[in-house]
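Below, read A as the first sequence line, B as the second, and so on, with proteins coming before strands; counting in each chain starts at 1. Nothing here was measured: the structure is a model prediction, and the numbers come from that model.
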Amino acid sequence: MRLCRVALRVSEGYELLRQVLVNGLVPENAVFNKLISGFCKEKQYTRVSELLHTMIAKNRVPDNYTYQEVINWLCKKGKGLEGLRVFNDLKDRGYAPDIAMYTTMIHGLCTMGWLGEARKLWFEMIEKGFHPNEYTYNTMIHGFCKIDNFEEAKILYKEMCNKGHKETTVSYNTMMTGLCLHGRTDEAYRLFQEMHQKGIVRDLITYNTIIQGFCKEGKIVESMNLFRELLAQGLQPSTYSYTPLIQKLCQVGAVQEAKGLWNDMKNIGLEPIVGTHDYIIIGLCDQGDAAEGMEWFIEMLNSKLKPKQETLGRLVECLTQRDRLDDSLLVLEFMFRTGYALEKGVCHSLVNKLCWEDNHFVETCLGEILEGK
DNA sequence: CTAGGGTTAG
């Protein structure tokens with residue numbers, strides 16, 4: 001919904017620009033930049049390139065901000081290589097990137113895991129007289145954390161502090177995210193406590209990071225405590241505060257608690273991501289509640305959401321065990337229509353049940369489905 | 001105001 005509105009606004013803006021141009025007026029760069037950025041987000045690169053050409057033709061030379069947004073969004077939309085090409089082309093044409101553009105490019109390279117290239121740009125930037133600032137340091141630290149190189153990350157962190165840059169919520173979050181990503185949650189939690197001692201504000205991302213980290217390690221009690229602390233701090237939880245908690249609760253068989261969180265989430269107007277439905281269905285199946293699992297499946301269909309293959313396999317298995325063969329077939333039909341395969345184990349339980357029951361009717365239906373009628 | 005931290009599942 002929201003995306004549609006944005007898209008609408010960008011194309012509306014574009015139409016306005018065309019009219020303005022027809023009338024012989026040329027808006028300032030900021031207008032072009034905003035549209036270019038908007039079309040980049042929508043991956044409408046034809047429009048982007050058209051706008052760039054218009055700018056040049058109308059004597060509104062694309063500036064730092066123009067290219068920065070192009071590079072930024074190319075990287076964020078998985079076209080980092082293209083981003084790098086644009087960046088290098090600019091340099092070849094004698095254009096001197098500023099520190100923000102270097103940071104953007106370094107960030108893109110780090111996200112792709114191309115630390116070597118990122119590091120090269122880092123030194124190139126320094127050679128050109130740009131000293132890394134808070135943004136650049138955090139970007140590079142993030143990159144090293146991502147590839148599990150905490151030695152380098154910590155060296156840079158120290159260097160950043162020595163150069164007089166303050167530790168911030170972001171710098172802490174960066175380190176903590178990296179640590180959690182590589183299973184070093186205890187270290188991350190130490191930083192979490194350190195933040196408090198140093199009086200550095202812990203924001204939603206701080207909490208979400210640690211909650212997710214603890215959940216991944218199965219420390220559900222600790223996670224729930226942090227979640228309550230988040231609320232007590234007056235922070236507004238996001239979908240991603242709930243997601244790992246619901247996932248883990250389902251996995252340890254506490255589906256009731258998970259559903260409680262689900263309702264809380266809905267009540268404050270948050271929409272769970274697709275995968276969360278899957279966790280609940282699997283959780284329900286694990287405790288043998290085929291009926292409710294089926295209800296959630298139907299609910300997903302009504303909301304035009306696509307459950308994962310694994311979820312449906314598990315549901316079929318559960319339904320079969322509970323002798324709800326009609327429902328089994330319903331789910332099976334959906335699976336085949338979607339192009340999902342039936343895993344061996346699921347097949348086994350189904351065939352077992354059918355043979356055991358000698359259920360000719362069901363067998364016929366199954367045959368029809370398999371033949372694709 | 002336009003650069004940095006999270007967010008799926010694999």
Side-chain angles (χ1 to χ4, degrees), chain A residues 28-38 40-41 62-73 75-76 78 83 87 97-111 118 121-122 125 130-146 153 156-157 160 165-181 188 191-192 195 200-213 215-216 226 230 235 237-247 265 270-279 282 305-311:
Chain A
E28 53 189 86
N29 271 20
V31 175
F32 286 98
N33 291 352
K34 203 87 198 164
L35 286 173
I36 286 174
S37 166
C40 278
K41 280 180 216 173
D63 53 27
N64 279 349
Y65 299 126
T66 322
Y67 290 119
Q68 194 176 294
E69 278 296 275
V70 172
I71 293 169
N72 192 5
W73 284 105
C75 290
K76 287 200 171 126
F87 184 79
D98 62 2
I99 190 166
M101 204 181 290
Y102 268 106
T103 307
T104 304
M105 197 62 247
I106 289 171
H107 178 245
L109 292 167
C110 285
T111 307
L121 279 189
W122 169 275
M125 187 189 81
F130 297 115
H131 294 291
N133 60 21
E134 217 178 289
Y135 290 88
T136 329
Y137 271 113
N138 281 318
T139 298
M140 203 66 233
I141 290 168
H142 169 71
F144 279 123
C145 286
K146 217 182 135 133
L156 274 183
Y157 198 99
M160 177 181 81
H165 301 291
K166 283 213 179 77
E167 294 183 287
T168 59
T169 306
V170 174
S171 73
Y172 264 95
N173 285 351
T174 305
M175 286 301 295
M176 284 161 51
T177 303
L179 289 165
C180 286
L181 183 67
L191 292 184
F192 180 81
M195 282 179 93
I200 295 169
V201 175
R202 300 190 284 206
D203 66 5
L204 182 62
I205 294 178
T206 316
Y207 278 97
N208 284 359
T209 302
I210 301 284
I211 288 172
Q212 186 189 232
C215 280
K216 256 199 277 182
L226 278 171
L230 175 163
L235 290 167
S238 68
T239 305
Y240 292 100
S241 316
Y242 289 96
T243 304
L245 286 168
I246 294 178
Q247 175 183 12
M265 203 172 158
L270 293 174
E271 205 47 51
I273 57 168
V274 195
T276 312
H277 297 73
D278 287 84
Y279 296 134
I282 292 176
L305 294 173
K306 194 173 135 192
K308 289 183 196 54
Q309 177 179 308
E310 185 208 346
T311 309

> Contact class for A/E134 vs. all strands (heavy atom < 4.0 Å): base, sugar-phosphate, or nothing?
Replying inline: base
> Angle class for the A/Y137/A/W122 ring planes (parallel below 30°, perpendicular above 60°, tilted otherwise)?
Replying inline: perpendicular
>> Just to be sure I understand the rule, does A/I205 reach a base, reach only the sugar-phosphate, or reach nothing, if contact means heavy atoms closer than 4.0 Å?
In response: base
> Among B/dA3, B/dG4, B/dT7, which is the nearest nucleotide to the side chain of A/Y240?
Replying inline: B/dT7
> Reckon A/D98 touches a base, only the sugar-phosphate, or nothing at all at heavy-atom distances under 4.0 Å?
Replying inline: nothing
>> Taking any heavy-atom pair under 4.0 Å as a contact, classify A/S37: base, sugar-phosphate, or nothing.
In response: nothing
> Going by 5.5 Å between centroids and 30° between planes, is there a stack of A/Y65 over B/dT2?
Replying inline: yes
>> For a quick check of understanding: with a heavy-atom distance under 4.0 Å over all strands, which category does A/Y279 fall into, base, sugar-phosphate or nothing?
In response: sugar-phosphate
> Counting any heavy atom closer than 4.0 Å, what does A/N64 reach on the DNA or RNA strands: base, sugar-phosphate only, or nothing?
Replying inline: nothing
>> What's A/K306 touching, base or sugar-phosphate or nothing? Going by heavy atoms closer than 4.0 Å.
In response: nothing
>> Applying ring pair (Phe, Tyr, Trp, His ring centres under 6.0 Å), can you list everything that pairs with A/Y157, at least two apart in sequence or on another chain?
In response: none
> Contact class for A/T103 (heavy atom, under 4.0 Å): base, sugar-phosphate, or nothing?
Replying inline: base
> To the nearest angstrom, how far is A/I282 atom CD1 from B/dA9 atom P?
Replying inline: 10 Å
> Does the side-chain ring of A/Y135 sit on the six-membered ring of the B/dA3 base, less than 5.5 Å centre to centre and under 30° in tilt?
Replying inline: yes
>> What contact category does A/K308 fall into here, base, sugar-phosphate, or nothing, at under 4.0 angstrom with non-hydrogen atoms?
In response: sugar-phosphate
> When only distance counts, do a donor and an acceptor, one from the side chain of A/N133 and one from the base of B/dA3, lie under 3.5 Å apart?
Replying inline: yes
> Is the shortest side-chain N/O distance from A/K41 to OP1 or OP2 of B/dT2 below 4.0 Å?
Replying inline: no
> If we only count heavy atoms from C-beta on, is the A/T177 to A/C145 side-chain gap below 4.5 Å?
Replying inline: no
> Reckon A/S238 touches a base, only the sugar-phosphate, or nothing at all at heavy-atom distances under 4.0 Å?
Replying inline: base
> Which of these nucleotides, B/dT7, B/dG4, B/dT2, is closest to any side-chain atom of A/E69?
Replying inline: B/dT2
> Ring centroid separation for A/Y102 and A/F87, is it under 6.0 angstrom?
Replying inline: yes
> Does some side-chain heavy atom of A/S171 sit less than 4.5 Å from a side-chain heavy atom of A/E134?
Replying inline: no
